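Just so you know, these numbers come straight off a predicted model, no measurement behind them. In what follows, chains carry the letters A, B, and so on, assigned in the order in which the sequence lines appear, proteins first and then strands, with residues in each chain numbered from 1. Below, all heavy atoms of this structure are taken into account, side chains as well, without hydrogens, waters or symmetry copies.
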Amino acid sequence: MNRQRKVALVGNPNAGKSALFNALTGARQKIANYPGVTVERKAGRMVLPSGEPMELTDLPGAYGLDPTSPDEEVTSKVIRGEFVGEAQPDALIVVIDASNLEQHLVFAQEIIALGKPTVVALNMLDLAERDGLVLDPAVLEQELGVQVVPTVAVRRRGLAELAEALAAAETRHPGPGQTDLSLTERRFAAHAMASAAILSESQRHRLHARLDRMLLHPWLGPIVLLALLFVIFQAVFAWATPFSDALEAGVGALSGLASATIPAGFVQDLIVQGLLAGVGAVVVFLPLIVILFAFILAMEQSGYMARAAFLMDRMMAGVGLSGRSFIPLLSSFACAIPGIMATRSIPDPKDRLTTILIAPLMTCSARLPVYAVIIAAFIPQRTVGAGIGLQGLVLFALYGSGVIGALIAALVLRRSFTKGAASGFIMEMPKYQLPNLKDMAIGLWQRAWIFLRRAGTIIFMVTIVLWLLLSFPKAGPGESQVDVSIAGRLANGLAVVVEPIGFNRDMALALIPAMAAREVAVSSLATTYAVDTGDDEDAEAVALGDQLKARWTLPMALAFLAWFVFAPQCLSTIAVARRETNGWKWPAFMLAYLFALAYLAAGATFWIARAMGLS
Amino acid sequence: MTLDHLPLGTQARIIAVDWSRLVAEEGARLRALGIDEGAKIAVAHRGVFGGSDPLAVVVGRMTVAVRRVHAAAMDVEAL
């Protein structure tokens with residue numbers, strides 16, 4: 001059998017490559033990394049008119065074959081067939097933005113000159129029309145010497161034609177063109193081609209210029225951004241509640257079913273107290289995570305994210321970073337892993353290292369389960385002023401503490417451990433467009449799946465191990481099961497260390513498995529209290545929130561929240577940081593400074609809250 | 001006049017760039033975006049909260065964010 005042939009999408013950033021990739025391959029995509037580097041490799045399947053399937057990869061956006069970032073280096077090497085462990089594509093689809101021909105044709109010429117079977121997708125034709133441009137693809141075809149297919153990825157226009165053109169391109173062998181043209185010569189040629197292909201252009205007041213006047217306004221812009229972030233965090237909490245409640249009810253029903261059908265004993269305990277109490281407590285936060293990611297994806301797809309980077313650049317420059325760090329840091333609000341991986345778009349190495357080190361301080365979605373449970377249990381559900389809920393306000397304060405901590409950490413790091421020349425900020429502002437529902441759905445599905453897979457593997461195993469450690473050895477009459485268990489004894493040791501910052505034994509116990517992933521703290525608390533009340537015949541299944549309220553004071557709860565703002569409790573993040581920094585030195589440094597911060601912050605919170613008379 | 005002093009909205013042409021003042025990769029990135037000698041350019045937005053950094057410049061059909069240090073290395077003449 002012949003090996004499956006490969007075709008790659010290549011083009012400038014903001015050419016609409018990802019949308020075209022989604023339209024061509026659908027939701028079935030394989031996401032991995034290129035071997036040896038942490039540049040994301042997205043692959044899917046597209047079918048030629050003959051019925052032959054080809055593997056389609058979406059190469060990172062690049063401005064040329066001379067790389068200026070790790071991303072561009074991957075693209076350049078893969079296209080030239082120099083990337084070890086990645087087969088050279090058999091054919092290429094060059095994606096160009098129809099409303100920015102002068103720029104995108106520069107790289108297109110460079111690719112076509114390589115002489116591989118190539119097709120040009122003249123993408124986002126609808127946006128060009130919106131801007132008042134009328135184009136003649138036939139002129140471009142003549143000038144470039146390859147087939148040019150008009151596409152509107154988001155409306156699935158031109159996809160079949162693209163596949164046909166691809167099949168036809170494989171039989172035409174134009175051979176290598178002029179590969180020694182300078183950038184200036186190619187730019188000159190691009191201008192000439194664009195003016196020939198643009199039939200008419202009406203000077204419309206462009207939408208994005210008008211929007212920019214408001215959104216990039218020196219005073220109004222930052223206020224809009226701050227308001228937007230505030231609305232996002234309020235909405236995440238408010239909208240997720242009904243879905244979370246429904247999931248919780250579902251898990252409760254499963255528990256009831258398992259208790260009724262499985263004979264009492266070890267297996268029933270394992271499933272009800274271990275599996276369902278543990279994994280169930282984490283899975284109910286899926287709606288929260290999906291809603292937060294929906295906002296982040298919408299910001300990215302609409303083009304607003306680059307504006308946010310622009311607005312944040314001044315502040316980031318103040319601590320020695322650039323607006324480019326804002327995007328990885330904002331992604332870290334969902335999860336530090338894609339956040340740290342997104343730092344590869346930062347060209348300066350010291351800048352990038354600093355961003356990696358502070359990324360875990362952004363409140364990731366794994367902390368939300370912890371925050372949500374504690375806030376729901378201890379912060380009353382009332383409003384302070386018009387429409388602002390106290391619970392939402394506390395959540396906002398937790399996010400804010402992480403951000404401020406990160407800025408201070410960056411400032412200190414840039415003057416000490418990651419000292420270097422001040423870095424610059426050069427970034428294209430993409431055109432505004434409405435987010436596409438299908439692309440959003442694919443992005444959300446991929447992220448939800450990663451979360452569920454974590455819940456199904458890491459969290460599942462940790463929960464089971466913890467349950468076993470909690471359940472053995474069995475307590476005698478009159479003894480507390482938790483006190484007698486192996487886990488309880490381990491936690492007693494740790495409890496001595498965390499006692500000065502207000503943590504009790506149960507909290508210390510929750511910290512141990514939460515080293516694997518923060519959200520495990522919730523499931524381990526749930527498991528601990530399920531085991532603790534499990535043997536009591538009269539005890540009703542009490543919700544975790546009520547258990548906490550009965551056992552913790554308010555200063556303890558606040559200290560626990562403060563701990564999780566800073567503590568680097570996530571094995572995956574540490575593993576990614578190791579891979580990105582090529583060694584253990586920086587991950588070890590990250591662990592040390594973040595645990596120190598967590599200890600200080602939790603301690604300060606506990607003692608200040610106590611002094612204020614909160615209880 | 002250098003680009004960082006160009007009034008907002010004024011069309012200008014880059015007549016000279018002192019590449020030696022810029023980090024090599026950043027120079028390459030600017031050229032890849034078409035910010036090079038001979039290019040027509042205008043400043044659309046400047047600064048946040050009354051500051052003068054960063055700048056959003058319009059070159060061709062693109063809006064590109066740059067820092068003041070980049071703009072200061074570029075000599076422009078108003079058109």
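Using a 4.5 Å cut-off between heavy atoms, A:Leu183 touches chain B through its side chain atoms alone. Interface residue A:Glu102: only side-chain heavy atoms are found under 4.5 Å from chain B. Heavy atoms closer than 4.5 Å to chain A are found in the backbone of B:Leu55, but not in its side chain. If you measure heavy-atom distances from A:Asn14 to chain B, you find no contacts under 4.5 Å at all. If you measure heavy-atom distances from A:Ala317 to chain B, the contacts under 4.5 Å come from both the backbone and the side chain.
Comparing B:Leu33, B:Val66, B:Asp53 by how many heavy-atom pairs each has under 4.5 Å with chain A, the most go to B:Leu33. Highest contact tally toward chain A, considering only B:Ala24, B:Ala28, B:Gly34, is held by B:Gly34 [criterion: heavy-atom pairs under 4.5 Å]. Comparing B:Val64, B:Leu22, B:Asp36 by how many heavy-atom pairs each has under 4.5 Å with chain A, the most go to B:Val64.
Under a cut-off of 6.0 angstrom, the local environment of CZ in A:Phe188 is sparse, with at most 12 non-hydrogen atoms contributed by other residues, nucleotides or ligands. Atom CZ of B:Arg46 has more than 12 heavy atoms from other residues, nucleotides or ligands within 6.0 Å.
Judged purely by atom type and a 3.5 angstrom limit, A:Thr68 has no side-chain atom pairing as donor or acceptor with the backbone of B:Glu25.
For the pair A:Arg307 and A:Tyr432, the distance from NZ or CZ to the six-membered ring centre is under 6.0 Å and the angle to the ring normal is within 45 degrees.
Ring geometry for A:Phe425 against A:Phe310 counts as tilted: the plane angle lies between 30° and 60°, on a 0 to 90° scale.
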Test side chain to side chain donor-acceptor pair (under 3.5 Å) on A:Thr355 and A:Thr343; report intermediate values, then the result.
CA-CA 7 Å; A:Thr355 310; A:Thr343 61; over 6 Å; no
